[in-house]
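Here's the structure we're looking at; comments come further down.
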Amino acid sequence: MSIRELLERDHDQEHGKLVEASISMSRGEFEENSFMEFVSNIRRHIYIEEEIIFPDLVYLYSDMKGPISGLEMEHASLWMLIDRILEETASGTIRKSAKYLEEIERILAVHNALESANIYPKIKDERIPELERISIPEGWICRRLRRNRGQ
Ligand SMILES: [Fe+2]
Ligand SMILES: [Fe+2]
């Protein structure tokens, strides 16, 4: 499988889990397992993009800096929305989580389409390590939030 196919498979899996979580949320019986699978998938995916894929593209193409910075802003928005849902579900109330889930779906639809059309086709597979074996380090957070928190 090419790197692009692997990343797009992540997008598809994330979408599936997110839809399951949203449907259950709208029925008032939140499928926490689906949501947690979505969360671990997308956090690892963002890690791979920000630490492996994007730096290589910026190295190869100087005009990629702008678009990638926009994508990293969106990662931060997604990351914060996920955190809010996790906080709410941990406290046993899911008052605003349905709205947050909708927001995540809305951002991801545009974000993933843009990556598929403009970013992934530029990846040079031979420069990227085996992704299947990569897992996100404990405590890693996305670049933009790390910068905001001064880490
Ligand atoms: Fe992304
Ligand atoms: Fe992606």
Side-chain angles (χ1 to χ4, degrees), residues 1-25 30-89 97-151:
M1 219 183 247
S2 70
I3 301 293
R4 180 184 184 174
E5 284 166 337
L6 280 172
L7 294 169
E8 277 170 358
R9 187 180 65 180
D10 277 353
H11 286 180
D12 291 343
Q13 286 172 349
E14 285 156 22
H15 180 71
K17 292 295 164 192
L18 196 56
V19 168
E20 277 175 30
S22 303
I23 291 172
S24 68
M25 177 88 74
F30 185 43
E31 263 286 346
E32 215 167 330
N33 285 347
S34 301
F35 184 67
M36 291 317 293
E37 282 174 42
F38 163 75
V39 172
S40 54
N41 186 321
I42 196 168
R43 281 181 174 165
R44 175 179 175 275
H45 182 88
I46 289 176
Y47 168 74
I48 287 171
E49 286 182 346
E50 293 196 358
E51 300 289 355
I52 299 167
I53 308 292
F54 292 174
D56 196 53
L57 291 177
V58 169
Y59 174 78
L60 290 172
Y61 315 93
S62 55
D63 60 343
M64 290 297 272
K65 242 186 168 162
I68 280 174
S69 162
L71 291 168
E72 289 186 346
M73 294 266 273
E74 288 167 1
H75 286 169
S77 302
L78 293 165
W79 202 278
M80 284 191 292
L81 287 162
I82 287 169
D83 280 349
R84 284 190 195 148
I85 295 175
L86 292 175
E87 277 164 30
E88 266 209 351
T89 49
S97 290
K99 274 221 159 308
Y100 297 150
L101 269 185
E102 269 175 37
E103 182 78 5
I104 289 173
E105 284 185 278
R106 203 179 52 77
I107 296 172
L108 265 187
V110 180
H111 181 92
N112 289 352
L114 198 117
E115 286 181 345
S116 290
N118 301 342
I119 307 293
Y120 293 170
K122 296 197 156 63
I123 295 172
K124 300 251 182 273
D125 281 32
E126 65 278 12
R127 298 176 49 85
I128 304 297
E130 182 84 66
L131 292 186
E132 306 262 20
R133 295 197 195 129
I134 293 175
S135 52
I136 179 170
E138 186 73 33
W140 187 90
I141 60 170
C142 68
R143 291 164 69 100
R144 184 66 61 155
L145 288 183
R146 222 182 312 156
R147 211 183 302 163
N148 289 352
R149 291 173 193 174
Q151 288 172 11

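Values below: every heavy atom of this structure, side chains too, minus hydrogens, waters and symmetry copies.
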**Request:** Under the side-chain contact (heavy atoms from CB on, under 4.5 Å) rule, collect the residues that match up with S2, sequence neighbours excluded.
**Result:** R4, E5, D125

**Complete:** Residue set satisfying ring pair (Phe, Tyr, Trp, His ring centres under 6.0 Å) with Y100, at least two apart, ordered chain then number -> none

Tabulate below the donor-acceptor pairs under 3.5 Å that side-chain atoms of residues 126-133 make, not counting sequence neighbours, or state none.
residue : atom : partner : partner atom : Å
R127    : NE   : D56     : OD1          : 3.0
R127    : NE   : D56     : OD2          : 2.9
R127    : NH2  : D56     : OD1          : 2.5

**Message:** Applying the side-chain hydrogen bond (donor to acceptor under 3.5 Å, both in side chains) criterion to H75, which one of H111, R43, R143 satisfies it?
**Reply:** H111

**Request:** Mind checking the CD1-CE spacing from I23 to M25? Nearest 0.5 Å is all I need.
**Result:** 12.0 Å

Less than 3.5 Å apart, which donor and acceptor atoms pair up between the side chains of residues 101-108 and the rest of the protein, not counting sequence neighbours?
residue : atom : partner : partner atom : Å
E103    : OE1  : R106    : NH2          : 3.4
E103    : OE2  : R106    : NH2          : 2.9
E105    : OE1  : S22     : OG           : 3.0

**Item:** Distance-minimising heavy-atom pair for W79 and I141
**Value:** CZ2-CA, 3.5 Å

Donor-acceptor contacts under 3.5 Å from residues 59-73 side chains, at least two apart:
residue : atom : partner : partner atom : Å
Y61     : OH   : K122    : O            : 3.2
Y61     : OH   : K124    : NZ           : 3.4
S69     : OG   : R144    : NH2          : 3.2

**Complete:** So salt bridge (charged side-chain N to carboxylate O under 4.0 Å, His left out) across residues 31-41, not counting sequence neighbours, yields K17-E37

**Fill in**
Applying ring pair (Phe, Tyr, Trp, His ring centres under 6.0 Å) to H45 and not counting sequence neighbours gives H11

**Request:** For E20, enumerate each residue passing the side chain to side chain donor-acceptor pair (under 3.5 Å) test, keeping only those at least two apart in sequence or located in another chain.
**Result:** S34

**Request:** Can you sort out the partners of S77 under side chain to side chain donor-acceptor pair (under 3.5 Å), two or more places apart, ordered by chain and number?
**Result:** none

**Request:** Could you grab the distance from atom CD1 of I3 to atom OH of Y120, nearest 0.5 Å is fine?
**Result:** 11.0 Å

**Message:** Using only atom types and a distance under 3.5 Å, with no angle test, would you say the side chain of R44 pairs donor to acceptor with the backbone of S135?
**Reply:** no

**Request:** Show your reasoning for whether side chain to side chain contact (heavy atoms under 4.5 Å, CB included) applies to F30 and E88.
**Result:** CA-CA 12 Å; F30 185 43; E88 266 209 351; over 6 Å; no

**Asked** If you round to the nearest 0.5 Å, how far is CE of M36 from OG1 of T89?
**Response** 7.5 Å

**Point-to-point distance, once rounded to the nearest 0.5 Å, from CG of L6 to CD1 of I134** = 10.5 Å

**Message:** Between S24 and A21 (side chain of the first, backbone of the second, donor and acceptor by atom type, cut-off under 3.5 Å), is there such a pair?
**Reply:** yes

**Request:** Taking all non-hydrogen atoms of both residues into account, name the closest pair between A76 and C142 and its distance.
**Result:** CA-SG, 3.6 Å

**Prompt:** With under 30° as parallel and over 60° as perpendicular, where do the rings of W140 and Y47 fit, or are they tilted in between?
**Reply:** perpendicular

**Complete:** For A117 and P121, the nearest pair of non-hydrogen atoms, with its separation, is O-CG, 3.4 Å

**Fill in**
Output for pair (L7 CG, I48 CD1), nearest 0.5 Å, gives 7.0 Å

